[in-house]
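Inspection log for the structure reproduced underneath, given as structure tokens.
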2 protein chains.
Amino acid sequence: MIRLFLAEDQSLLNTALAQLLDLEDDITVVGTATDGQAAWAAISQLKPDLAVLDIEMPKATGLDVADLIQGAHLPTKVVILTTFAQSAYFQRAVKAGVAGYLLKDAPTDELVANIRRIMAGATVYAPELVQNMVTASTNPLSEREMDVLKAAANGQSTKEIAQTLFLSAGTVRNYLSAIFSKLGVANRMEAVNLAKRNKWL
Amino acid sequence: MIRLFLAEDQSLLNTALAQLLDLEDDITVVGTATDGQAAWAAISQLKPDLAVLDIEMPKATGLDVADLIQGAHLPTKVVILTTFAQSAYFQRAVKAGVAGYLLKDAPTDELVANIRRIMAGATVYAPELVQNMVTASTNPLSEREMDVLKAAANGQSTKEIAQTLFLSAGTVRNYLSAIFSKLGVANRMEAVNLAKRNKWL
DNA sequence: TTCTTTCCATGACAATTGTCACCTGACAGT
DNA sequence: ACTGTCAGGTGACAATTGTCATGGAAAGAA
């Protein structure tokens with residue numbers, strides 16, 4: 001019997017999935033949570049066989065919880081269940097040694113099947129991720145350049161950015177200019193849009 | 001027996017919910033869809049008693065489908081099921097005469113209970129919405145101003161905006177200036193951020 | 001009808017933004 | 001000791017952006 005814990009912040013999906021998984025003969029849902037803190041508190045007590053974690057949750061993300069589980073050497077396998085294939089998240093999850101990384105964009109049957117495979121010792125990554133890994137562009141900007149871009153993304157003017165980062169206005173303009181040329185764009189708005197699209201922001 | 005149709009683009013939730021609702025003695029799920037077009041095609045054929053529609057779907061939104069259902073005078077009640085309480089969506093839904101507007105941030109039991117109440121003739125709006133309605137700020141921008149702001153949000157320069165909207169560059173700057181003063185901000189970036197925060201974009 | 005308001009439009013002007021060439025000091029590698 | 005690279009800086013200049021005063025047309029109210 002697979003003792004499973006479920007953490008998912010959207011109540012509707014949380015309860016629906018919990019009930020459905022519990023119907024399976026070889027799975028018991030030993031607990032659920034709708035935020036990361038509660039999830040970790042419960043998991044460290046219950047020590048389930050498997051923890052199914054959403055990434056985007058209040059208080060602590062599923063990846064934070066995965067790190068905690070690994071750090072505490074619990075006998076609990078981790079499956080990350082998330083909406084979209086973003087390689088940044090995925091890479092962190094692999095580092096945290098998760099046994100599965102699945103997308104919500106698949107029917108429940110598939111989820112159940114994957115849970116069984118994982119409990120049998122397999123490691124399952126959603127195939128979409130491998131593709132995204134290849135095409136994923138890495139952030140060409142330096143840390144300092146990111147600071148400037150973040151400030152610009154908040155709508156701050158050159159002068160304001162200079163003040164908050166303790167730089168001269170000219171330097172800020174230089175940074176922005178360098179950012180634009182690295183990203184191949186012509187102005188702040190385009191730079192910010194591109195950075196957001198690539199999840200660098 | 002309630003003949004129910006479910007449209008929800010996230011497959012996991014779609015299948016989970018369909019199975020769970022189908023388990024109820026007085027509910028049959030006569031069909032599901034993961035995009036708006038498919039949903040309308042199926043609903044206009046099946047004429048179910050109730051259509052549960054997500055808003056954010058590919059091809060056509062749940063609200064588009066609700067409009068179509070109302071326009072065709074089908075005997076189908078509509079329930080909108082969505083993630084967050086945004087009054088813009090809500091107002092449009094009310095105009096489309098929906099029988100229910102529920103949030104995904106509630107357990108399945110509640111969904112089922114509300115479905116029964118709605119089929120008994122009730123109209124059910126998630127209470128969170130009433131609160132949001134009061135605090136909801138309405139978009140102070142004119143249609144033309146929104147066109148300009150949208151273009152600016154894409155990173156287009158004044159000149160480019162002017163070309164796509166067949167205006168002079170000066171007029172575009174003027175619109176932007178009016179936008180800034182209406183929104184109480186100083187530049188494009190801030191205006192776009194504010195508009196996105198208020199879901200006007 | 002006339003008045004007022006709103007939306008849309010224009011061009012002149014000032015301020016800000018983006019580009020460029022070039023300088024300094026710190027630090028890592030050869 | 002030399003070289004490259006990186007964070008930070010300057011100032012000049014051109015282009016873009018934001019402000020303002022102003023005018024026309026349509027729609028609703030008097």
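Just so it is clear: chains get the letters A, B, ... in the order the sequence lines come, proteins before strands, and each one is counted from 1. Quick note: numbers below take in every heavy atom, side chains included, and nothing from hydrogens, waters or symmetry partners. Source: prediction; values computed, not measured.
Using a 4.5 Å cut-off on side-chain heavy atoms (C-beta onward), B:Val29 and B:Phe5 make no contact. Between B:Leu21 and B:Leu4 there is a side-chain heavy-atom pair separated by less than 4.5 Å.
Under a 3.5 Å cut-off, the side chain of A:Arg3 and the backbone N or O of A:Leu46 do form a donor-acceptor pair. No side-chain donor-acceptor contact under 3.5 Å links B:Thr28 to the backbone of B:Val30.
Contact annotation: A:Arg144 reaches the phosphate of D:dG8 (side-chain N/O to OP1 or OP2, under 4.0 Å). B:Thr171 has no side-chain polar atom (N or O) that falls below the 4.0 Å cut-off from OP1 or OP2 of C:dA9.
Remark: A:Lys104 engages A:Glu8, A:Asp54 in a side chain to side chain donor-acceptor pair (under 3.5 Å) (not counting sequence neighbours).
We find that CG of B:Leu165 is positioned 12 Å from P of C:dT10, with the value rounded to whole Å. C:dT10 atom P lies 16 Å from atom NZ of B:Lys159, rounded to whole Å. As a whole-Å value, the separation of B:Glu145 CD from C:dC7 P is 7 Å. Distance, A:Phe166 CZ to D:dG8 P: 12 Å, rounded to whole Å. For the pair B:Met146 CE and C:dC8 P, the interatomic distance rounds to 13 Å; values are reported in whole Å. Atom CG in A:Asp147 sits roughly 11 Å away from atom P in D:dA7 (whole-Å rounding). Straight-line distance from the CG atom of A:Leu167 to the P atom of D:dG11: 16 Å, rounded to whole Å.
Between A:Lys95 and A:Asp67, no side-chain nitrogen of the basic residue sits less than 4.0 Å from a carboxylate oxygen of the acidic one, so the salt-bridge criterion is not met. Between B:Arg116 and B:Asp26, at least one side-chain nitrogen of the basic residue sits less than 4.0 Å from a carboxylate oxygen of the acidic one, meeting the salt-bridge criterion.
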List, with names and distances, any nitrogen or oxygen atoms from the protein found under 3.5 Å away from nitrogen or oxygen atoms belonging to nucleotides 18-21 of chain D.
from   : atom 1 : to       : atom 2 : distance (Å)
D:dG18 : OP1    : B:Arg188 : N      : 3.3
D:dG18 : OP2    : B:Arg188 : NE     : 2.4
D:dG18 : OP2    : B:Arg188 : NH2    : 3.4
D:dG18 : N7     : B:Arg173 : NE     : 3.0
D:dG18 : O6     : B:Arg173 : NE     : 2.9
D:dG18 : O6     : B:Arg173 : NH2    : 3.3
D:dT19 : OP2    : B:Ser177 : OG     : 2.9
D:dC20 : N4     : B:Asn174 : OD1    : 2.2
D:dA21 : N6     : B:Asn174 : OD1    : 3.4

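From one end of the helix from C:dT1-D:dA30 to C:dT30-D:dA1 to the other, with five pairs defining each end axis, the axis direction shifts by 30° (rounded to 10°).
Between A:Phe90 and A:Tyr125, the distance from one ring center to the other falls under 6.0 angstrom.
The number of heavy-atom neighbours closer than 6.0 Å to NZ of B:Lys196, taken from other residues, nucleotides and ligands shown, is above 12.
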